[in-house]
Amino acid sequence: MTDLLDLTLDELAEITHLEPAYRIKQLFHGLQSGQKIDEITVLPLSIRHALSEKFTAGIEIKETLKSCDGSEKYLYRLHDDNLIEGVFMPHDYGNTLCVSTQVGCRMGCAFCASGIDGLIRNLSPGEMLGQVLSVNRAHGGTLQDRKITNIVLMGSGEPLDNYDNVVKFLRLVSAEGSIGISLRNISLSTCGLADKIRKLADEKLSVTLSVSLHASTDETRRELMPVANKYTIAELIEAVKYYFDKTGRRVIFEYSMIKGKNIDYFDAVRLEKLTKGYPCHINLIMLNSVKEKNLSACTQQEAERFLARLKERNISATIRKSFGNDISGACGQLRRSRLNAKK
Ligand code: SAH
């Protein structure tokens, strides 16, 4: 069954043949407000019935966990009963939703829970949009008064490994008449598929690119991230510079600090070279220890020493505020705990 959230306004008109034309607008408006087909009561019952027989719309929030820091973790159920998750993070300037792009992931990073069972399947554009619309609605948001203002594609999955669907999602979520989140308020995080970073640069979508670097040498990066066997750090940095040249957007590097692995003096020296000559920023992340993995976080003191070392070298860097440690905030943790509970 087609998910109506996969469609642009024009595609919606084409596929539903609704008449008169204002019915299409009513349907689109209802869907974008996060309503299910049968809840869009401005449409006559007969239309709602006919649509429900042929189409689905949106995804279901199965569970919400609230953290004491104001963040929330969402578990969603998809039409085929697969589970995905997301995190809501309140800020002074608005609220950010962390969106998943795949069920599972095939990138196999050593520290990440999302990829432990590999890739189950890609999410459709509508399933990504459904996450945003359902949480906006759960917070009492409307299209005029949005409760989600920012999006980070940092949930489970590798966005650039589901390229076409992610690009369509970016167009849908920022389209006129939709929930209308500005592309400038969206960050896409990638483990570093260099060829796709170049392709994205050519799309002329002004999203912020976040690159999961996590190491300053190819050797260490290969140990942590299998994708490093495909692209060297040098190739990755070339793609990042290309992204900046095409979009004018400052690039963010994510760098999860791992005890004994990637935060010594020489890492700081190498990071200086890698970040020179173009605008970028390093987000240092405290490793979220995942039960199934044997990597440890560094101490707060070690993290601050590393930050100081970067700053001494005039590298723009901050330690990222961590959300939801009490509610399985890191990628893939909540889904895993629910799958394990079923076994
Ligand atoms: N596939 C994308 C999005 C993943 S999640 C990517 O690789 O960028 C967003 C960030 O969280 C990535 O930088 C990822 O490497 C990091 N991450 C995943 N698991 C983590 C953990 N247990 N502790 C700290 N950072 C983690």
Side-chain angles (χ1 to χ4, degrees), residues 73 84-87 89 96-116 118-120 122-123 128 131 151-163 165-166 169 186-194 196-197 200 207-215 220-228 230-231 233 236 239-240 243 251-259 261-263 280-298 303 306 317-325 327-337:
K73 186 110 199 190
I84 50 165
E85 58 191 70
V87 187
M89 293 162 284
T96 299
L97 187 69
C98 176
V99 167
S100 290
T101 54
Q102 295 179 317
V103 185
C105 180
R106 58 176 179 154
M107 296 298 132
C109 297
F111 40 79
C112 182
S114 302
I116 292 177
L119 175 68
I120 314 288
N122 282 329
L123 294 187
M128 294 175 229
Q131 299 170 52
I151 292 172
V152 291
L153 293 179
M154 293 187 185
S156 65
E158 166 50 45
L160 298 184
D161 188 39
N162 183 12
Y163 187 89
N165 288 344
V166 165
F169 160 72
I186 301 179
S187 293
L188 182 152
S189 179
T190 175
C191 64
L193 301 176
K196 298 283 173 53
I197 289 176
L200 186 70
V207 297
T208 300
L209 181 70
S210 289
V211 175
S212 300
L213 187 59
H214 303 324
T220 307
R221 198 160 189 271
R222 277 187 218 120
E223 227 181 281
L224 298 172
M225 307 175 74
V227 68
K230 190 152 184 216
Y231 304 102
I233 292 179
L236 183 55
V240 160
Y243 192 85
V251 174
I252 308 291
F253 289 109
E254 289 156 283
Y255 200 94
S256 295
M257 295 172 286
I258 305 173
K259 205 175 194 58
K261 277 268 179 258
N262 60 359
I263 50 169
C280 61
H281 178 83
I282 300 183
N283 253 336
L284 297 173
I285 305 172
M286 296 302 289
L287 186 79
N288 236 309
S289 293
V290 172
K291 198 172 84 235
E292 290 87 343
K293 309 282 188 180
N294 58 353
L295 294 166
S296 314
C298 65
F306 190 58
T318 40
I319 299 178
R320 186 164 83 184
K321 184 168 182 245
S322 152
F323 275 108
N325 280 337
I327 52 168
S328 302
C331 307
Q333 282 184 340
L334 177 61
R335 175 173 174 274
R336 279 206 77 68
S337 71

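All values derive from a computational prediction rather than experimental measurement. Ligands are counted one by one from 1 in listed order, and the atoms in each one are counted from 1 as well.
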Just to be sure I read this right, does ligand 1 sit under 4.0 Å from the backbone of T190, its side chain, both, or neither, counting only heavy atoms? backbone
Please report the closest heavy-atom contact between S210 and M154, naming both atoms and the distance. OG-CE, 3.7 Å
Side chain, backbone, both or neither: E158 near ligand 1, heavy atoms under 4.0 Å: both
Would you mind listing which atoms of ligand 1 come within a distance below 4.0 Å of any non-hydrogen atom of C112? 18 (C), 19 (N)
Atom 8 (O) of ligand 1: which of C109, S212, S156 has the nearest heavy atom? S212
E85 with K73: basic N within carboxylate O range, under 4.0 Å: yes
Using the ring pair (Phe, Tyr, Trp, His ring centres under 6.0 Å) criterion, which residues pair with F111? Sequence neighbours excluded. H214
Gap between atom CZ of R320 and atom OG of S256 - 0.5 Å precision: 7.0 Å
Is there a polar contact, in the sense of an N or O pair closer than 3.5 Å, between A113 and ligand 1? no
Quick one: side-chain contact (heavy atoms from CB on, under 4.5 Å) partners of T101, sequence neighbours excluded? M128, L153, P159, V166
Residue from L213, I319, I252 passing side-chain contact (heavy atoms from CB on, under 4.5 Å) with N283: I252
Please could you name the atoms of ligand 1 that E254 approaches to less than 4.0 Å, counting only its heavy atoms? 9 (C), 10 (C), 12 (C), 13 (O)
For ligand 1, the portion of S189 having any non-hydrogen atom under 4.0 Å away: both
Would you say H214 touches ligand 1, if touching means a heavy atom closer than 4.0 Å? yes
Find all atoms of ligand 1 within a distance of less than 4.0 Å from any non-hydrogen atom belonging to G157, and give their numbers and elements. 1 (N), 2 (C), 3 (C)
Close approach of S210 to ligand 1, heavy atoms, under 4.0 angstrom: no
Apply the test side-chain contact (heavy atoms from CB on, under 4.5 Å) to residues T96 and I151: give CA-CA distance (whole Å), side-chain angles for both, the deciding distance (0.1 Å), then the verdict. CA-CA 5 Å; T96 299; I151 292 172; over 6 Å; no
Proximal atoms of ligand 1 relative to M154 (non-hydrogen, under 4.0 Å): 5 (S), 9 (C)
Quiz question: by atom type and distance under 3.5 Å, do the side chains of N122 and Q102 form a donor-acceptor pair? yes
